[in-house]
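Take a look at the structure below.
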Amino acid sequence: MRDNPIIFFNGRWIRLKSARISPLDRGFLYGDGVFETLRAYDGKIFKLELHLQRLFCSAKRIALSFPMTAHKFGSIARSILIKNSLKNGIVRITCSRGVTPLGKDRVRSIPPTLIVTAFPVIPSADSLYRKGISLALVKTIRNHPAAIPNEIKSANFLNNILAKREATLSGADEGILLNYRGYLSEGTISNLFFVRQGKLYTPSLKSGILEGITRNCVIEIAKQSGMPVIERLIRPDELKNAEECFVTSTGYEIMPATKLNGKVIGKGKPGKTTQRLMALFRTYRSRSLES
């Protein structure tokens, strides 16, 4: 069952191995689509409404019409967990513009291709949260926002893939991209934070980042705990002088980072502020799921 789960494919519930995508689907040909990745804990999806809001925002920015409402999407996301007997899982919603003849101009009135999948969570090893991951500042830069606006969670992920490959070849766990002006932007699958002199720093939206949902939760938690949060354009040298560092994402939640380009960050282990925010996030997550 796990290698052939039930998925939602263009209005039908089918087995994964029965799904067929046309070779002329624009998602396959051009990466012409959008997606969201959601995480379920004990059968409940964390920040479902915010994920769907971002999904619809991404679709609107590329003039992609969805075949159903956010309410229906939410129902499908919850149902797919039940159908696959998953309590703790990852749900991915992918929507491409659909099937057209070859060419980039025939895109009107095309039924979109919609796929919803769910798989068990493969959590990062506990040891990584205890010792932290390694980061690398990569040469691949973040897409220029005038080319692909940063608020679009696009199915064209090549920018991130190239940066991740570069980081992996350098021996790092995650790559950090600069924007076209040389400021820090984000990781290949994460948002970036660091601590200096009791303040929490993170690249602002003007840095060309995707506005991460976990990122926003961490900012909210930090402010509620009385910690100053600085969102602005940040030069790479400031990260090199960080006392603590971590990255955030739906999958990672809060993941400590203890090395940058092979050099130790701070004391080379997750700092007290990072550990406190990790604990606060777990409490915040549990309360959000209960409400």
Side-chain angles (χ1 to χ4, degrees), residues 124 128-145 150 159-223 225 227-278 280-281:
S124 300
L128 288 180
Y129 290 96
R130 292 194 299 269
K131 71 178 185 178
I133 62 172
S134 59
L135 306 178
L137 292 172
V138 296
K139 294 179 180 178
T140 303
I141 66 169
R142 181 73 163 92
N143 283 327
H144 195 296
N150 53 283
N159 185 216
N160 306 64
I161 290 169
L162 292 175
K164 177 65 173 179
R165 181 176 184 274
E166 186 181 342
T168 300
L169 289 175
S170 75
D173 298 303
E174 171 66 313
I176 302 298
L177 297 86
L178 306 183
N179 68 13
Y180 71 102
R181 296 174 60 191
Y183 292 102
L184 295 169
S185 64
E186 61 187 358
T188 67
I189 57 168
S190 63
N191 288 117
L192 175 68
F193 289 83
F194 66 89
V195 179
R196 282 190 66 190
Q197 297 179 342
K199 297 178 182 179
L200 185 63
Y201 291 81
T202 188
S204 67
L205 299 184
K206 291 182 179 180
S207 305
I209 68 170
L210 178 71
E211 187 175 5
I213 289 168
T214 304
R215 170 189 181 272
N216 287 349
C217 292
V218 170
I219 291 172
E220 180 184 345
I221 291 166
K223 289 181 176 178
S225 71
M227 187 175 189
V229 179
I230 312 298
E231 296 181 71
R232 60 167 171 82
L233 297 173
I234 301 174
R235 291 287 184 187
D237 284 348
E238 296 184 66
L239 177 60
K240 295 175 183 178
N241 295 320
E243 297 165 6
E244 300 180 36
C245 181
F246 61 87
V247 294
T248 63
S249 71
T250 295
Y252 279 150
E253 295 183 340
I254 297 177
M255 173 61 75
T258 51
K259 285 188 178 180
L260 176 67
N261 294 342
K263 296 182 179 180
V264 169
I265 297 172
K267 296 181 179 180
K269 61 182 180 180
K272 291 182 179 179
T273 299
T274 301
Q275 294 181 61
R276 180 163 62 92
L277 288 172
M278 291 168 69
L280 288 172
F281 180 84

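Only heavy atoms go into these numbers, but all of them, side chains included; no hydrogens, no water, no symmetry mates. This chain uses plain numbering: 1 for the first residue, then up along the sequence.
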(request) Report yes or no: do Thr248 and Glu253 form a side-chain donor-acceptor pair below 3.5 Å? (result) no

(request) Answer with yes or no whether the side chains of Ser134 and Asp173 bring together a donor and an acceptor at under 3.5 Å. (result) yes

Working to the nearest 0.5 Å, report the span between [atom1] of [X] and [atom2] of [Y].
X	Y	atom1	atom2	result
Arg181	Leu233	CZ	CG	5.5 Å
Arg196	Leu239	CZ	CG	10.5 Å
Leu280	Glu220	CG	CD	11.5 Å
Ile230	Glu238	CD1	CD	10.5 Å
Asn191	Glu186	CG	CD	6.0 Å
Asn261	Lys240	CG	NZ	6.5 Å

(message) Before you tell me yes or no, could you show the steps for Ser225 and Arg276 under side chain to side chain contact (heavy atoms under 4.5 Å, CB included), namely the whole-Å CA-CA distance, both residues' side-chain angles and the distance that decides it to 0.1 Å?
(response) CA-CA 10 Å; Ser225 71; Arg276 180 163 62 92; 3.5 Å; yes

So [Y] and [X], do their side chains get closer than 4.5 Å, heavy atoms only?
X	Y	answer
Ile254	Tyr129	no
Pro228	Leu200	no
Val138	Leu177	yes
Ile141	Asn179	no
Ile176	Leu192	yes
Ile234	Phe194	yes
Ile219	Phe193	yes
Ser185	Ile209	yes

Give the minimum heavy-atom separation between [X] and [Y], together with the two atoms involved.
X	Y	result
Ala257	Ile265	O-CD1, 3.8 Å
Ser170	Ala136	OG-CB, 3.6 Å
Cys245	Thr274	O-OG1, 4.3 Å

(request) Quick one: list whatever passes salt bridge (charged side-chain N to carboxylate O under 4.0 Å, His left out) with Glu166, sequence neighbours left out. (result) none

(message) Could you work out, with side-chain contact (heavy atoms from CB on, under 4.5 Å) as the rule, every residue matching Gln275, not counting sequence neighbours?
(response) Pro270

(request) Just do the side chain to side chain contact (heavy atoms under 4.5 Å, CB included) check on Glu211 and Asn216 with the steps written out, would you? (result) CA-CA 7 Å; Glu211 187 175 5; Asn216 287 349; 3.1 Å; yes

(request) List the steps and the verdict of side chain to side chain contact (heavy atoms under 4.5 Å, CB included) for Asn159 and Thr140. (result) CA-CA 8 Å; Asn159 185 216; Thr140 303; 3.6 Å; yes

(request) Give a yes or no on whether a salt bridge exists between Lys259 and Glu174, defined as a side-chain N under 4.0 angstrom from a carboxylate O. (result) no

(message) I'd like to know if Glu231 and Arg215 make a salt bridge, using a cut-off of under 4.0 Å between side-chain N and carboxylate O.
(response) yes

(request) Please identify each residue that fulfils side chain to side chain donor-acceptor pair (under 3.5 Å) with Tyr183, with sequence neighbours left out. (result) Arg235

(request) For Thr168 and Lys164, indicate whether the former's side chain and the latter's backbone hold a donor-acceptor pair under 3.5 Å. (result) yes

(message) Taking CZ in Arg165 as the centre, count heavy atoms belonging to other residues, nucleotides or ligands within less than 6.0 Å. Is the count above 12?
(response) no

(request) List the steps and the verdict of side chain to side chain contact (heavy atoms under 4.5 Å, CB included) for Tyr201 and Val195. (result) CA-CA 6 Å; Tyr201 291 81; Val195 179; over 6 Å; no

